[in-house]
Visitor: 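The structure's right below; bear with me while I get my questions together.
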Amino acid sequence: MEEKDRMWAEYDRFRRWIHHLENMISGERAGRLSFEPQELEKLEEMLKKGCQRLGQLRKRLGIAEIGLPWFQFYEIVEDGFTQFLPEQYRDYKVQIGPVKRKGWIVDALQLEKEGAPDLPALEIKKYADQVSDGADAWRMLGRMAKDYQKLICPEKKHQMER
């Protein structure tokens, strides 16, 4: 078998394997599957290593680079989201996890702080999908913060009096 054919076969195998791991992890987050914490950690580590190998194969095969996988984007969100918010929210902790919306379980971002009232959750799948498709993660973080500010600080629309 020619070297390039072997690499394409390996690329396809890794792509299917990564898709399978992502489905397992998202099934666990949605409550359809259950893993021990150390098993889930191992699955996520395998997924990261698989994505790295897939990236290497992509480069060698000349396939256009795509954006970050969702789990890397989630890490960026957890680490840097609050810096895009007003000062009063910078000491809140960012939590990403499953929430139930309209009968569906979706991943959402929520800010938490001991002794503070609960803040609304922001669904983040659409943002993660755009980053996976190649959008800049930091710009997307800014867009998420702007949308979240609309949730937590809605503008009051005043009618003009005659």
Side-chain angles (χ1 to χ4, degrees), residues 7-86 89-113 118-152:
M7 285 193 310
W8 274 106
E10 186 178 358
Y11 174 80
D12 286 336
R13 183 173 53 89
F14 267 100
R15 201 171 38 81
R16 286 190 307 271
W17 180 70
I18 287 169
H19 181 71
H20 181 68
L21 284 175
E22 286 176 335
N23 286 340
M24 289 173 63
I25 291 170
S26 66
E28 197 277 337
R29 286 198 173 135
R32 294 186 308 261
L33 297 173
S34 179
F35 296 105
E36 294 293 323
Q38 61 268 37
E39 291 174 324
L40 183 60
E41 198 173 292
K42 191 170 185 174
L43 281 174
E44 289 174 343
E45 183 63 31
M46 289 169 45
L47 182 61
K48 287 179 185 179
K49 286 182 180 180
C51 286
Q52 289 172 346
R53 178 64 180 142
L54 195 63
Q56 292 169 347
L57 288 168
R58 246 189 229 110
K59 285 179 185 174
R60 291 182 68 194
L61 291 167
I63 299 171
E65 189 65 34
I66 59 170
L68 291 173
W70 61 269
F71 61 86
Q72 286 180 339
F73 179 62
Y74 284 14
E75 289 174 4
I76 290 171
V77 170
E78 288 175 341
D79 293 340
F81 182 72
T82 55
Q83 70 183 350
F84 289 88
L85 295 174
Y89 297 104
R90 298 230 172 121
D91 58 343
Y92 279 69
K93 184 174 188 216
V94 177
Q95 292 290 331
I96 297 176
V99 295
K100 194 168 189 172
R101 291 265 169 93
K102 299 177 187 173
W104 294 90
I105 296 178
V106 297
D107 283 342
L109 170 146
Q110 194 157 13
L111 295 181
E112 297 178 350
K113 180 179 175 184
D118 288 341
L119 295 173
L122 176 71
E123 289 183 40
I124 60 172
K125 182 175 176 11
K126 68 180 180 180
Y127 305 103
D129 288 347
Q130 290 177 37
V131 170
S132 293
D133 290 341
D136 181 68
W138 290 99
R139 286 188 183 172
M140 195 58 58
L141 215 53
R143 190 176 303 156
M144 285 175 63
K146 186 176 178 182
D147 292 345
Y148 195 72
Q149 285 181 49
K150 290 177 187 174
L151 285 175
I152 59 178

Visitor: Identify the heavy atoms of Ala121 and Arg101 that sit nearest to each other, and give their distance.
Guide: O-NH2, 2.8 Å
Visitor: Could you check if a side-chain atom of Val131 sits within less than 4.5 angstrom of a side-chain atom of Ile76, using non-hydrogen atoms only?
Guide: no
Visitor: What do the steps show when you test Trp70 against Phe73 for ring pair (Phe, Tyr, Trp, His ring centres under 6.0 Å), and what is the final call?
Guide: CA-CA 5 Å; Trp70 61 269; Phe73 179 62; over 10 Å; no
Visitor: Mind listing the closest non-hydrogen atom pair of Gln130 and Met140 along with its distance?
Guide: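 Minimum heavy-atom contact is OE1-CE, 2.9 Å.
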Visitor: Considering residues, nucleotides and ligands other than Glu41, do more than 12 of their heavy atoms fall under 6.0 Å from its CD?
Guide: no
Visitor: Would you name the heavy atoms of Phe84 and Gly142 that are closest together and state the gap between them?
Guide: CD2-CA, 3.6 Å
Visitor: How close do Ile124 and Met144 get, heavy atom to heavy atom, and via which atoms?
Guide: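 Of all heavy-atom pairs spanning Ile124 and Met144, the closest is CG2-CE, 3.5 Å.
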Visitor: Going by the angle between their ring planes, with limits at 30° and 60°, are Tyr89 and Tyr92 parallel, tilted or perpendicular?
Guide: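 Tilted, since the angle between the ring planes falls between 30° and 60°.
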Visitor: Enter the distance from Tyr11:OH to Leu57:CG here, rounded to the nearest 0.5 Å.
Guide: 8.5 Å
Visitor: Considering only residues two or more places apart or on different chains, which pairs with a residue in residues 45-55 satisfy salt bridge (Lys or Arg N to Asp or Glu O under 4.0 Å)?
Guide: Glu10-Arg53, Lys48-Glu75
Visitor: Quick one, Asp147 and Tyr127 - any side-chain contact, counting heavy atoms below 4.5 Å?
Guide: yes
Visitor: For the NZ atom of Lys146 and the CG atom of Leu85, what is their distance to the nearest 0.5 Å?
Guide: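 So the NZ of Lys146 and the CG of Leu85 are separated by 14.0 Å.
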Visitor: Taking side-chain hydrogen bond (donor to acceptor under 3.5 Å, both in side chains) as the definition, give me every residue that meets it alongside Arg15, ordered by chain and number, with sequence neighbours left out.
Guide: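 In terms of side-chain hydrogen bond (donor to acceptor under 3.5 Å, both in side chains), with neighbours along the sequence ignored, Arg15 is linked to Asp12.
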Visitor: To the nearest 0.5 Å, how far apart are CG in Leu109 and CZ in Phe81?
Guide: 5.0 Å
Visitor: Between NZ of Lys93 and OG1 of Thr82, what distance do you get to the nearest 0.5 Å?
Guide: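 Taking NZ in Lys93 and OG1 in Thr82, the distance rounds to 12.0 Å.
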Visitor: Who passes side-chain hydrogen bond (donor to acceptor under 3.5 Å, both in side chains) against Asp79, sequence neighbours left out?
Guide: none
Visitor: Using side-chain heavy atoms (C-beta onward) and a distance below 4.5 Å, is Trp17 in contact with Met46?
Guide: yes
Visitor: Examine distances only and state if a side-chain atom of Gln110 and a backbone atom of Leu119 form a donor-acceptor pair shorter than 3.5 Å.
Guide: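 Here the side-chain-to-backbone pair exists.
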Visitor: For residues Pro120 and Ile152, report the shortest heavy-atom separation together with the two atoms involved.
Guide: CD-CG2, 3.8 Å
Visitor: Check Ile105 against Pro98 and note the closest heavy-atom contact, atom names and distance.
Guide: CG2-CB, 3.5 Å
Visitor: Working to the nearest 0.5 angstrom, can you tell me the gap between Ile18 CD1 and Arg13 CZ?
Guide: 10.5 Å
Visitor: Might you work through the side-chain contact (heavy atoms from CB on, under 4.5 Å) test for Leu111 and Val94, ending with a clear yes or no?
Guide: CA-CA 5 Å; Leu111 295 181; Val94 177; 3.6 Å; yes
Visitor: Using a 4.5 Å cut-off on heavy atoms from C-beta on, say whether the side chain of Lys113 contacts that of Asp91.
Guide: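 When only atoms from C-beta onward are counted, Lys113 and Asp91 do touch, with a gap below 4.5 Å.
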